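All of these numbers come straight from a predicted model, not from anything done at the bench. Computed from heavy atoms alone, side chains included, the values below leave out hydrogens, waters and symmetry copies. In what follows, every chain begins at residue 1, and chains take the letters A, B, ... in the order their sequences are listed.
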2 protein chains.
Amino acid sequence: MNLPHETPVLSLFVSHDEKQLASDLALAVVRLARQLRGHRQHSAVSLTQLSALSTLFSEGPMTPGALAARERVQPPSMTRVIGSLADVGLVDRMPHPSDGRQIIVSLSEAGKALVQNEKDAREAWLAAQLRNLRSAELTSLREAVDTMTELMKTCD
Amino acid sequence: MNLPHETPVLSLFVSHDEKQLASDLALAVVRLARQLRGHRQHSAVSLTQLSALSTLFSEGPMTPGALAARERVQPPSMTRVIGSLADVGLVDRMPHPSDGRQIIVSLSEAGKALVQNEKDAREAWLAAQLRNLRSAELTSLREAVDTMTELMKTCD
DNA sequence: TATTGTTATACTCTATAACTATA
DNA sequence: TATAGTTATAGAGTATAACAATA
């Protein structure tokens with residue numbers, strides 16, 4: 001072995017592991033995301049729409065800019081998503097009380113009902129897949145969901 | 001409580017947990033996939049392209065139909081991906097030795113080099129995020145990658 | 001002048017339906 | 001007639017640049 005003596009062997013391996021994990025995780029995530037989108041072709045809302053609705057559900061009404069930041073997309077992308085949700089009556093847009101430039105987006109009653117219904121009964125394909133997993137696998141998935149959520153909070 | 005007496009309480013809760021986990025996992029996965037795609041804007045290849053290249057790397061040359069099945073996309077989608085990769089010289093297309101309808105797609109030398117280089121050095125953003133995680137979180141992510149990969153193998 | 005949201009435009013990813021060539 | 005791959009077309013999702021209205 002010809003390692004630079006300033007570099008502990010352990011940290012070298014950890015670093016390599018992290019690169020490998022980053023690569024593996026990225027591929028697994030994009031492939032699973034592809035499947036999940038595909039299995040929702042006949043759902044009322046897409047995963048992009050559901051993601052925005054879920055944020056409004058858990059965090060309450062907010063401006064398009066805040067929702068874009070929270071979902072980590074650019075404002076014009078969120079304008080589109082909000083427009084599509086408003087078109088089908090799942091969100092309402094109201095003027096901001098004190099700033100004429102801003103608007104407030106909130107879930108309609110139908111939007112709230114849809115989010116609760118989705119939480120309770122949708123993702124049928126994935127839930128079916130999960131039914132075949134062992135307890136340890138479910139546990140690691142649950143922990144991974146938390147970790148992935150944290151990763152995105154510290155995103156650049 | 002008014003549970004049907006055929007249904008064990010435990011399995012009811014597990015079922016609910018699985019639905020909840022399916023919902024949470026789906027949102028986490030699509031959001032992380034969005035980030036990962038965004039952070040590769042200046043990479044040589046997209047994650048869709050890298051996914052196909054990685055499959056060719058690990059499983060060797062195959063027909064477009066086999067690659068589409070392996071990546072779980074429809075054949076016309078794979079035609080496009082292969083076309084884009086051939087345009088930049090990362091894959092080669094050769095006639096099938098015995099069936100004039102089929103072709104064989106394989107990694108070029110540049111394609112092999114790119115996959116190895118990506119594995120070793122890319123996903124920089126994600127690797128940086130992972131560096132801040134604790135060992136237990138890394139472990140659950142590693143296990144989750146395996147589980148997600150398995151999930152897709154048993155896909156409809 | 002800076003900020004918020006929208007419009008215009010374009011690119012990637014994916015799908016379905018129709019077509020071509022070969023088996 | 002069935003199969004493999006491609007072409008044509010469309011729609012979702014996302015981005016950047018330019019614009020309008022308001023602060």
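- With rounding to the nearest 0.5 angstrom, the CG atom of B:L56 is 7.5 Å from the CD1 atom of B:I82.
- Every residue meeting the salt bridge (Lys or Arg N to Asp or Glu O under 4.0 Å) condition with B:R101, not counting sequence neighbours, appears here in chain and number order: B:D99.
- Remark: C1' of C:dT7 and CE of A:M78 are 17 Å apart, rounded to the nearest angstrom.
- Put simply, CD1 on A:I82 is 12 Å from C1' on C:dT4, counting in whole angstrom units.
- Whole-Å rounding puts the A:Q35 CD to C:dA15 C1' distance at 13 Å.
- Between the side chain of A:S108 and the main chain of A:D92, no donor-acceptor pair closer than 3.5 Å is present.
- Among the atoms of the strands shown, only primed sugar atoms or phosphate atoms (P, OP1, OP2) are found under 4.0 Å from some heavy atom of B:T48.
- At least one donor-acceptor pair under 3.5 Å links the side chain of A:T147 to the backbone N or O of A:E143.
- The residue B:T63 sits close only to the backbone: its heavy atoms come under 4.0 Å of sugar-phosphate atoms, none of a base.
- Every side chain to side chain donor-acceptor pair (under 3.5 Å) that B:T55 has, sequence neighbours left out, goes to A:R31, B:E71.
- The side chain to side chain donor-acceptor pair (under 3.5 Å) test applied to B:D146 returns no partner, not counting sequence neighbours.
- Judged as a salt bridge (Lys or Arg N to Asp or Glu O under 4.0 Å), and not counting sequence neighbours, the contacts of A:R70 are A:E59.
- Between B:S140 and A:R142, the side chains place no donor N or O within less than 3.5 Å of an acceptor N or O (distance only, hydrogens not considered).
- In this structure, B:L36 atom CG and C:dC13 atom C1' are separated by 16 Å, rounded to whole Å.
- Comparing A:A66 and A:V30 against DNA chain C, the residue whose closest nucleotide sits nearer the 5' end is A:A66.
- Between B:L27 and A:S51, the closest heavy-atom pair is CD2-CA, 3.7 Å.
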Between the protein and nucleotides 17-19 of chain C, which nitrogen or oxygen pairs are less than 3.5 angstrom apart?
none

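- Contact annotation for B:S46: backbone-only contact, meaning every heavy-atom pair under 4.0 Å involves sugar-phosphate atoms and none involves a base.
- In this structure, A:R80 reaches the bases: a heavy-atom distance under 4.0 Å links it to at least one base atom across the strands shown.
- One atom, NE2 of A:H96, and another, P of C:dG5, lie 9 Å apart when rounded to the nearest Å.
- A donor-acceptor contact shorter than 3.5 Å is absent between the side chain of A:Q102 and the backbone of A:H96.
- When rounded to the nearest whole Å, the span between CZ of A:R101 and C1' of C:dT1 equals 11 Å.
- Heavy-atom contacts of chain B under 4.0 Å fall on DNA chain D between two terminal nucleotides, which in 5' to 3' order are D:dT3 to D:dA15.
- As a whole-Å value, the separation of A:R31 CZ from C:dT14 C1' is 16 Å.
- Along DNA chain C, the nucleotide nearest A:R34 and the nucleotide nearest A:P64 are compared for position; the residue whose nucleotide lies closer to the 5' end is A:P64.
- Rounding to whole angstrom units, CD of residue A:Q102 and C1' of C:dT3 are separated by 9 Å.
- Nucleic acid contact class of B:S51 (heavy atoms, under 4.0 Å, all strands): none.
- Nearest-nucleotide mapping onto DNA chain D: of A:D99 and A:L47, the residue sitting toward the 5' end is A:L47.
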